[in-house]
Asker: 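So that we are looking at the same thing, I have put the structure below in structure tokens.
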Amino acid sequence: MPPTPATIIQKPYVISEIIHETPDVDIFRFKASDSTKLGFDPGMFVMITYSNPETNEKIARAFSIASAPNSDTLEFFIHMIHGRFTSHLDTAKVGETYYMTGPYGQFRFIPQEDKKVLFIAGGTGLAPMMSMLRYVNDLHSDNDIVLIYSVRFPNEIIRKQELADLESKIKLKTVVTVTRPQEGDGWTGEKGHISTDTVKKYAPDFAERKVYICGPLNFTKAMHDVCTAIGIGEDRIKADVWG
Ligand SMILES: Cc1cc2nc3c(=O)[nH]c(=O)nc-3n(C[C@H](O)[C@H](O)[C@H](O)COP(=O)(O)OP(=O)(O)OC[C@H]3O[C@@H](n4cnc5c(N)ncnc54)[C@H](O)[C@@H]3O)c2cc1C
């Protein structure tokens with residue numbers, strides 16, 4: 001079992017790996033400076049603080065944890081938009097220290113409580129869902145999961161192979177939809193924005209599922225509207241708002 005969540009910690013973590021995952025997204029893995037594990041439920045986030053060694057200026061941003069609670073590393077999917085925080089990550093190197101504070105958030109998935117779920121993710125909004133999927137796999141839990149994942153281009157799919165592997169390990173059906181398919185990109189899967197029809201087609205039993213939505217603010221709002229338009233009650237929708 002993972003450590004019990006709720007204890008908020010603040011401590012240094014060291015970058016252990018950086019993966020250039022897609023043209024715009026880097027995966028950062030961090031290890032704690034000691035052997036204690038951060039207790040969290042999948043879906044939660046931490047504040048990562050960068051402290052400028054010359055000016056001592058501090059800047060913090062929220063990032064959803066993509067690793068499972070049992071993992072030795074904390075993993076994040078970071079959209080490298082070259083903003084105030086992410087521009088520091090552009091030049092970050094393995095071995096550098098950042099400070100983590102957390103975990104925070106009500107966007108929490110308890111596999112024992114929500115047996116049938118629909119995950120709707122856009123871009124790096126896959127991060128909390130990946131934590132949830134990895135956790136279900138670690139627990140060998142029999143949750144029935146449909147993941148509808150929206151990206152602009154086929155080369156923006158994060159952890160494509162791992163998602164395919166998970167489909168053979170847990171009760172997961174993944175549907176990727178590409179919103180800006182290009183001539184000659186070889187994409188033969190679902191195309192266009194996620195609509196009420198997409199949900200009805202891939203999760204026809206949506207009324208029995210708890211829905212988790214995560215992505216950019218406009219995406220989250222649009223997906224919330226899609227769900228309510230087909231009669232999914234507010235009490236069955238959980239959305240992580242990043243805006
Ligand atoms: C709970 C929570 C969880 C989050 N989890 C994640 C996560 O897992 N992964 C992740 O990548 N982010 C996540 N975010 C967003 C993250 O906290 C930062 O807002 C983001 O990394 C940008 O920070 P920044 O300092 O680099 O940009 P800032 O300097 O703060 O500027 C960001 C703003 O600039 C605009 N902008 C500028 N350039 C671009 C561009 N090229 N593309 C898009 N917008 C642009 C956007 O409007 C954006 O709001 C999360 C936010 C919250 C609240």
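Whatever order the structure lists them in is the order used to number ligands and atoms, beginning at 1. What you are looking at is a predicted structure, and each value in this text was computed from that prediction instead of being measured.
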Asker: Who's the nearest protein heavy-atom neighbour of atom 6 (C) of ligand 1, and how far?
Answerer: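 Going by distance alone, atom 6 (C) of ligand 1 is nearest to W242 CH2, 3.3 Å.
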Asker: Can you pull out the closest protein heavy atom to atom 27 (O) of ligand 1? Residue, atom name and distance to 0.1 Å, please.
Answerer: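 Going by distance alone, atom 27 (O) of ligand 1 is nearest to G83 CA, 3.5 Å.
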Asker: Under 3.5 Å between some N or O of ligand 1 and some N or O of V241?
Answerer: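 So ligand 1 has no N or O lying under 3.5 Å from an N or O of V241.
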Asker: For ligand 1, is F77 a contact, meaning one of its heavy atoms is under 4.0 Å away?
Answerer: yes
Asker: Nearest protein heavy atom to atom 11 (O) of ligand 1, by residue and atom, and its distance?
Answerer: H79 N, 2.8 Å
Asker: With a 3.5 Å cut-off and no angle check, do the side chains of S195 and D197 form a donor-acceptor pair?
Answerer: no
Asker: Going by heavy-atom distance to atom 42 (N) of ligand 1, choose the closest among L126, I81, D90, T86.
Answerer: I81
Asker: F63 pairs by ring pair (Phe, Tyr, Trp, His ring centres under 6.0 Å) with which of W242, F28, F85, Y104?
Answerer: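 That would be F85.
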Asker: Can you find a heavy atom in the side chain of M129 that is under 4.5 Å from one in the side chain of Y149?
Answerer: no
Asker: Would you check the N or O atoms of S64, main chain and side chain alike, for any that come under 3.5 Å of an N or O of ligand 1?
Answerer: yes
Asker: With salt bridge (charged side-chain N to carboxylate O under 4.0 Å, His left out) as the test, would you mind laying out the steps for E75 and R134 before giving the verdict?
Answerer: CA-CA 12 Å; E75 183 177 297; R134 289 167 165 170; 2.9 Å; yes
Asker: Which option, G105, A60, A62, owns the non-hydrogen atom nearest atom 14 (N) of ligand 1?
Answerer: A62
Asker: So, for atom 35 (C) of ligand 1, does the protein have a heavy atom nearer than 4.0 Å?
Answerer: no
Asker: Do F45 and F107 pass the ring-ring contact (aromatic ring centres under 6.0 Å, His included) test, and can you show the C-alpha distance, the side-chain angles, and the key distance before you say yes or no?
Answerer: CA-CA 9 Å; F45 69 92; F107 189 72; over 10 Å; no
Asker: Any chance you could lay out the ring-ring contact (aromatic ring centres under 6.0 Å, His included) test for F119 and F109, step after step, and finish with the verdict?
Answerer: CA-CA 11 Å; F119 294 161; F109 169 62; 5.7 Å; yes
Asker: List the steps, then state whether ring-ring contact (aromatic ring centres under 6.0 Å, His included) holds for Y98 with Y13.
Answerer: CA-CA 5 Å; Y98 283 69; Y13 273 71; over 10 Å; no
Asker: Under a 4.0 Å threshold between the charged nitrogen and the carboxylate oxygen, would E156 count as salt-bridged to R180?
Answerer: no
Asker: Heavy atoms only: which of F63, F45, F85 lies closest to atom 21 (O) of ligand 1?
Answerer: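 Residue with the shortest heavy-atom distance to the ligand atom: F63.
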Asker: Select the closest option to atom 29 (O) of ligand 1 among M44, R84, M47, judged by heavy-atom distance.
Answerer: R84
Asker: Please identify which atoms of ligand 1 are closer than 4.0 Å to at least one heavy atom of I78.
Answerer: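 Contacts of ligand 1 toward I78, numbered from 1: 11 (O).
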Asker: Atom SG in C227, atom CD1 in I120: separation rounded to 0.5 Å?
Answerer: 4.0 Å
Asker: Any nitrogen or oxygen of H82, main chain or side chain, under 3.5 Å from a nitrogen or oxygen of ligand 1?
Answerer: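 In this structure, H82 places no N or O atom under 3.5 Å from an N or O of ligand 1.
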Asker: Nearest protein heavy atom to atom 47 (O) of ligand 1: under 4.0 Å?
Answerer: no
Asker: With a 4.0 Å cut-off, would you call K238 and D114 a salt bridge?
Answerer: no
Asker: Please indicate whether any nitrogen or oxygen in R61 is less than 3.5 Å from any nitrogen or oxygen in ligand 1.
Answerer: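 Yes, there is a polar N/O contact under 3.5 Å.
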Asker: Run the numbers on D24 and R152 for salt bridge (charged side-chain N to carboxylate O under 4.0 Å, His left out), then give the verdict.
Answerer: CA-CA 11 Å; D24 293 334; R152 292 175 306 173; 3.1 Å; yes
Asker: Within the structure, does I59 bring an N/O atom to less than 3.5 angstrom of an N/O atom in ligand 1?
Answerer: no
Asker: Ignoring angles and geometry beyond distance, decide whether A127 reaches within less than 3.5 Å of ligand 1 through its nitrogen or oxygen atoms.
Answerer: no
